[in-house]
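Here the structure comes first, spelled out in structure tokens, and everything after it is commentary.
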Amino acid sequence: MARVRAPKPVSCGILLSYKCTSTCRHCMYACSPTWRGDWISENDLEKILSQLSESVAPAPGGPSRVGINYGLHFTGGEPFLNYRLLLRAVELAEEHDIPSIFVETNCFWCASRDRAEEMLLELRNAGLDGMLVSVNPFLVEYTPFERMRVAAELSERIFSGNLMIYQPEFYEQFKKLGLRGTMKFEEYLERVGIGGLRWAELLPMGRACYRLRGIFRKYPARIFFDEDCRSSLLRSWHAHVDNYGNMITGYCAGLSLGDARRLDELVGEGVDLDERPILRMLIFEDLGSLYNFAVKEFGYMERSDGYVSKCDLCLDIRRHMAARAGACEYPELSPREFYMHLEEEPGFR
Ligand code: SF4
């Protein structure tokens with residue numbers, strides 16, 4: 001029997017939901033407003049946080065400081081879409097004495113400075129240590145830049161400097177442009193040029209493989225056949241858990257290592273890879289094995305325009321299989337709904 005022990009994460013993000021106000025072209029988790037809109041339950045949060053509390057490590061500056069790959073963060077989707085749940089999640093994390101807690105947001109909720117301030121103060125008093133404000137050319141297609149500025153300015157003050165802007169280069173770029181309101185990506189390319197993206201930590205994974213493939217170089221599938229994903233899938237330094245309890249390592253959305261509500265079992269007894277053959281191939285074999293399997297069993301055909309990365313190949317194969325496999329087959333392809341939102345077109349209002 002093939003088993004592998006799940007890593008116990010020293011830093012973790014919890015997706016409260018995949019539901020978001022935006023359909024960002026680069027979103028690794030393929031979030032959007034059209035997701036069913038399930039939210040994590042308090043009961044599941046309690047189970048997950050109690051098991052994470054021993055392993056999550058504080059930021060280098062201490063438990064009340066924050067760092068992108070330290071501590072615990074609440075994310076989505078957009079966590080402020082369910083503010084009451086977010087507040088409860090922060091309270092629970094605080095009750096479990098989890099260090100370096102922050103929230104990642106797209107700032108849609110900052111239309112009113114006064115209301116935004118009230119919420120941030122309430123969150124801070126509940127135990128929140130800091131904020132991560134997302135700023136990039138994909139998000140600003142949906143959220144007016146002024147709202148990002150409101151969130152950043154308030155967070156800087158309320159959390160005594162515990163503010164992370166991801167990424168600060170884009171924040172400065174938009175300030176220099178005198179940007180007000182939103183800006184379509186096409187306009188960004190006209191005004192700034194493709195060179196403006198040189199700071200972007202743009203991982204060629206998730207929706208970017210479909211909606212941004214034009215900006216990447218492409219390669220034939222065989223270039224990636226020898227790659228395996230053991231180090232990504234079994235890394236302990238940063239993991240995510242979604243609202244269904246899926247444990248997602250290596251930023252590999254749609255690929256579940258197991259049920260994080262039973263994290264101690266996954267870590268202690270391990271994951272049965274006979275039940276999760278796609279994971280087995282990615283961890284113990286290579287992408288070539290997964291490709292051959294998908295061609296033989298599911299009639300997968302290589303894309304004629306190539307692949308932008310190994311993750312693009314992996315994802316395209318998984319998407320093909322997810323659309324054809326029975327609902328109970330391949331439990332690692334979870335949540336199945338993820339695979340339906342990858343190519344989603346933006347719904348600008
Ligand atoms: S190839 Fe697949 S399993 Fe490997 S890192 Fe990329 S998405 Fe994850």
Side-chain angles (χ1 to χ4, degrees), residues 2-7 9 11-13 15 18 24-31 69 201-213 216-242 246-258 260 266 270-295 297-298 300 302-303 306-323 325 330-343:
R3 288 192 92 83
V4 72
R5 286 190 169 175
S11 106
C12 189
L15 280 75
Y18 287 86
C24 292
R25 305 179 198 225
H26 71 314
C27 184
M28 284 189 290
Y29 295 95
C31 299
N69 288 318
E201 283 178 11
L202 193 54
L203 300 179
M205 307 175 85
R207 190 180 283 134
C209 297
Y210 297 91
R211 303 261 1 269
L212 288 173
R213 52 191 301 106
F216 294 108
R217 208 167 146 194
K218 299 170 197 68
Y219 306 87
R222 66 173 188 287
I223 296 288
F224 304 110
F225 280 178
D226 290 340
E227 306 245 16
D228 73 69
C229 300
R230 192 179 174 87
S231 57
S232 296
L233 292 169
L234 299 181
R235 75 178 193 196
S236 64
W237 59 269
H238 195 65
H240 286 88
V241 173
D242 74 10
N246 294 305
M247 183 163 179
I248 305 158
T249 47
Y251 302 125
C252 307
L255 195 50
S256 175
L257 209 56
L266 297 182
V271 180
D272 181 352
L273 294 181
D274 290 336
E275 284 175 6
R276 293 173 187 251
I278 297 172
L279 276 176
R280 191 190 62 233
M281 285 182 259
L282 290 167
I283 292 173
F284 287 122
E285 297 171 36
D286 52 32
L287 265 173
S289 303
L290 180 62
Y291 176 87
N292 290 330
F293 177 78
V295 168
E297 301 295 330
F298 288 86
Y300 180 73
E302 181 172 1
R303 245 201 222 140
Y307 299 88
V308 304
S309 63
K310 72 168 184 174
C311 302
D312 183 18
L313 175 61
C314 171
L315 180 56
D316 202 55
I317 292 172
R318 287 188 275 123
R319 190 176 75 129
H320 180 89
M321 291 174 66
Y330 305 102
E332 64 270 53
L333 296 181
S334 182
R336 286 287 166 98
E337 191 179 349
F338 162 79
Y339 294 95
M340 291 155 53
H341 292 275
L342 285 163
E343 282 189 281

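Bear in mind the structure is a predicted one, so any value in this text is a computation, not a measurement. Each ligand, and each atom within it, is numbered from 1 in the order the structure gives.
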Should the ring pair Trp237 and Tyr251 be called parallel, tilted or perpendicular, given that the plane angle runs from 0 to 90° and is split at 30 and 60?
->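 If you compare the ring of Trp237 with that of Tyr251, the planes turn out perpendicular.
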
For the pair His320 and Tyr300, name the ring-plane relationship: parallel under 30°, tilted 30 to 60°, perpendicular over 60°.
->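 Rings of His320 and Tyr300: perpendicular, over 60°.
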
Pairwise distance CZ(Arg318) to CD1(Ile278) - rounded to 0.5 angstrom |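 Rounded to the nearest 0.5 Å, the CZ-CD1 separation comes out at 8.0 Å.
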
For the ring pair Tyr29 and His240, is the centre-to-centre distance below 6.0 Å?
->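 So the answer is yes for these two rings.
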
Would you give me the side-chain donor-acceptor pairs under 3.5 Å for residues 218-236, sequence neighbours excluded?
| residue | atom | partner | partner atom | Å |
| --- | --- | --- | --- | --- |
| Lys218 | NZ | Arg213 | O | 2.9 |
| Lys218 | NZ | Phe216 | O | 3.1 |
| Asp228 | OD1 | Arg230 | N | 2.9 |
| Arg235 | NE | His238 | O | 2.9 |
| Arg235 | NH2 | His238 | O | 3.0 |

Short question: side chain of Ser334, backbone of Arg336 - any donor-acceptor pair under 3.5 Å?
->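 No.
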
Cut-off under 2.8 Å, centre atom 2 (Fe) of ligand 1, protein N/O/S atoms |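 Under 2.8 Å from atom 2 (Fe) of ligand 1 - ignoring waters, which are not counted - the protein N, O or S atoms are Cys314 SG.
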
